[in-house]
Protein chains: 2
Amino acid sequence: MAEKQRHSWVAIRDSIREMILNSTYGPGDKLPRDEEFAARFGCARSTVHRAMRDLAQSGIVERRRKGGTTVRRDPVTRATLNIPITRLEVEQKGSVYRYQLIRQSMQPSPPAIMANFGLHEARPMLRVEALHLADSRPYIFEDRWICVETVPEIASVDLSRESANEWLVRNRPYSKCDLRLYARTGTSTDSEILQSEVGDALFVMERTTWISDAPITSLCAVARPGYQLFTQG
Amino acid sequence: MAEKQRHSWVAIRDSIREMILNSTYGPGDKLPRDEEFAARFGCARSTVHRAMRDLAQSGIVERRRKGGTTVRRDPVTRATLNIPITRLEVEQKGSVYRYQLIRQSMQPSPPAIMANFGLHEARPMLRVEALHLADSRPYIFEDRWICVETVPEIASVDLSRESANEWLVRNRPYSKCDLRLYARTGTSTDSEILQSEVGDALFVMERTTWISDAPITSLCAVARPGYQLFTQG
DNA sequence: TACATTAATATGTAGCTACATATTCTTGTC
DNA sequence: GACAAGAATATGTAGCTACATATTAATGTA
């Protein structure tokens, strides 16, 4: 049945996904080669490839050279989080953003930060504690460690004017980013800085970034009570 | 200088990103056309296109047909969260998984759920409250609403044996997924179900899925104290 | 049998052409 | 000047070929 239309990679992707969903190919099964699919659908291999890449990225299948394509045994839900610069997040909500440097000092990386980076030896780092405010009320407190070997320029940045968050995002790309999210009970220290109550449930985001294996920054951001993180925009 | 090598799309992408980072092109600036870049790099337009798609996806640039490519004014950090089936998450930690159906009933969708789906009228839904356990200790409690119009087969599934989580992931693809994460202070109800203390900080994940505008399920999952969500795997 | 070398193979990438599609810009008409 | 119709243009997609790369399978030798 030489069909003429419907050769878009989106359609092909949906067809293949449909087959996986109705158990034509079950979890762990090996899918036909791209070429085989191309022949079946009457399209080019590149189109199948495009579809497959999308399926692989969304976590439905796994691809390995020579190994072929297999249906993932453990389907995952993949969600993309958009983490904007805090200033923009605040401004987008119509609030006035303000930033306040609390403390900054040079310190060798403590074990917890070394663990985040996967380092075996301590390195000199710049520790920056700062507060982001929305309408003069505390919004997010961040405790950040910056590797001065990877980012020497940070020494010449006036962090009382510009937040490390913003400077790094604007000036340092990263090739890898690890994220950890959890809830924590607020301590008295938190309540002082965030003007929250002791015992409040606080949302914590830990973020560590590298540029091709070289550590850039690792930070722990604690949000004020009521903070929510969304997917999309 | 007709360079021969270095035409991989990754290299092209890095070159362009580098230019954006060293302010050759600043935030809001329009980049040259793909073809122009291709001529400059001495590669094919398709290679530039590939590089650009990657930059667009990672949130560095924005592309619009005819409008061209512009450097995003507000760089974002994009992180992909892998949310596995709860059973697999538990088993991967080496714990024994158990699942317990607490309650299930047909109810019209309440306002909060309608809001999640963006519905204007109530629809008949199956509400399922269930508990996931790790080593016989509460792990995640989920309060789930399933749209029976979109997923009629759910009526014939024995939800005391198989979790709705697992059945849906395995049987119902979704085309859109909204996610909301936040921290909440544990109530007495939570402490009963999760065996936590009243006042504990609890991590909450709200997830809503659709298949091309048709609502599938919306759920609120509350994790036991100490739970963490990671990127990657 | 053990192990290194080689062949086979499925996916990945680079390059090309041609056409599709969505905007923006231009032009024409009132 | 306002607005609609049409031309121009940058990105998006489909198809093709050729080659690269990773990994498994086969083969040969001690």
Side-chain angles (χ1 to χ4, degrees), chain A residues 1-17 19-20 24-25 27-73 175 212, chain B residues 1-17 19-20 24-73 175:
Chain A
M1 250 24 77
E3 320 196 353
K4 271 293 174 192
Q5 248 43 4
R6 196 190 159 76
H7 290 345
S8 91
W9 68 268
V10 177
I12 302 285
R13 179 200 61 188
D14 291 345
S15 297
I16 296 174
R17 179 161 55 190
M19 284 192 261
I20 292 171
T24 305
Y25 303 103
D29 284 3
K30 195 167 156 184
L31 291 182
R33 307 164 22 221
D34 290 6
E35 217 164 340
E36 165 69 23
F37 265 131
R40 261 194 239 177
F41 287 117
C43 70
R45 177 165 84 91
S46 53
T47 309
V48 175
H49 180 66
R50 192 90 157 66
M52 285 297 196
R53 258 213 344 232
D54 197 70
L55 290 172
Q57 194 189 311
S58 61
I60 295 174
V61 303
E62 258 180 344
R63 314 197 85 201
R64 279 185 13 251
R65 286 186 179 175
K66 164 78 183 176
T69 309
T70 53
V71 180
R72 274 188 74 124
R73 215 173 286 276
S175 54
S212 57
Chain B
M1 254 15 82
E3 319 196 354
K4 270 293 171 194
Q5 250 38 7
R6 197 191 157 73
H7 290 344
S8 91
W9 69 268
V10 176
I12 302 286
R13 178 199 62 189
D14 291 346
S15 297
I16 296 174
R17 179 160 58 189
M19 284 192 261
I20 293 172
T24 306
Y25 303 104
D29 283 2
K30 195 167 155 182
L31 291 183
R33 307 164 22 221
D34 290 5
E35 217 163 343
E36 165 69 22
F37 265 129
R40 261 194 238 178
F41 287 117
C43 70
R45 177 165 82 90
S46 52
T47 308
V48 175
H49 179 67
R50 192 90 157 66
M52 285 298 197
R53 260 216 338 237
D54 197 68
L55 291 172
Q57 193 188 312
S58 60
I60 295 173
V61 303
E62 258 180 343
R63 314 197 85 203
R64 274 177 24 246
R65 285 186 180 176
K66 164 78 185 176
T69 309
T70 53
V71 180
R72 274 188 73 123
R73 215 173 285 276
S175 54

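Just so you know, these numbers come straight off a predicted model, no measurement behind them. Reckoned from all heavy atoms, side chains included, excluding hydrogens, waters and symmetry mates. In what follows, every chain begins at residue 1, and chains take the letters A, B, ... in the order their sequences are listed.
Candidate nucleotides C:dT13, D:dT21, D:dG15 were compared by shortest atom distance to the side chain of A:T47, and D:dG15 ranks first. Out of D:dT11, C:dA10, D:dG15, the shortest distance to the side chain of B:R33 is found at D:dT11. For B:W9, whose side chain is taken as the heavy atoms from C-beta onward, the closest listed nucleotide among D:dG15, C:dT11, C:dT13 is C:dT13. Relative to the side chain of A:R45, the nucleotides C:dT11, D:dA10, C:dA18 differ in distance, and C:dT11 lies closest.
As a whole-Å value, the separation of A:Q57 CD from C:dG12 P is 12 Å. Following rounding to the nearest Å, B:E35 (CD) and C:dA18 (C1') show an atom-to-atom distance of 13 Å. Regarding A:F37, its CZ atom lies at a distance of 14 Å from the C1' atom of C:dT11, rounded to whole Å. For the pair A:D34 CG and D:dG15 P, the interatomic distance rounds to 14 Å; values are reported in whole Å. Between the CZ atom of B:F41 and the P atom of C:dA14 there is a distance of 13 Å, given to the nearest Å. Between the CZ atom of A:R65 and the P atom of D:dA25 there is a distance of 18 Å, rounded to whole Å. The NZ atom of B:K66 sits 6 Å away from the P atom of D:dT9 (whole-angstrom rounding). Between the CG atom of B:D54 and the C1' atom of D:dG12 there is a distance of 16 Å, rounded to whole Å.
Comparing A:G67 and A:V10 along DNA chain D, the residue whose closest nucleotide (by nearest heavy atom) sits nearer the 5' end is A:V10.
Using a 4.0 Å heavy-atom criterion, one finds that B:G68 contacts the sugar-phosphate atoms exclusively. Across all strands shown, B:S46 has heavy atoms under 4.0 Å from base atoms, whether or not it also approaches the sugar-phosphate.
The nearest pair of heavy atoms linking A:V48 to A:C43 is CG2-SG, 3.7 Å.
Put simply, A:S8 has a side-chain N or O that comes within less than 4.0 Å of OP1 or OP2 on D:dA14. Taking only side-chain nitrogens and oxygens, B:R63 comes nearer than 4.0 Å to OP1 or OP2 of D:dT11. Of the side-chain N and O atoms in A:T69, none sit less than 4.0 angstrom from OP1 or OP2 of C:dA10.
For B:R64 against D:dG12, no side-chain N or O and base N or O form a donor-acceptor pair under 3.5 Å. Interface remark: the B:R50 side chain does not form any donor-acceptor pair with the C:dG15 base, using a distance-only criterion of under 3.5 Å.
The structure places CG of A:D14 at 11.0 Å from CE of A:M19, a figure rounded to the nearest 0.5 Å. For the atom pair A:I16 CD1 and A:T24 OG1, the distance stands at 11.5 Å (nearest 0.5 Å). B:I12 contributes atom CD1, which lies 10.0 Å from atom CE of B:M52 (distance to the nearest 0.5 angstrom).
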Original post:
So B:Y25 and B:V61, side chain to side chain contact (heavy atoms under 4.5 Å, CB included) or not? Walk me through it.
Top reply: CA-CA 11 Å; B:Y25 303 104; B:V61 303; over 6 Å; no
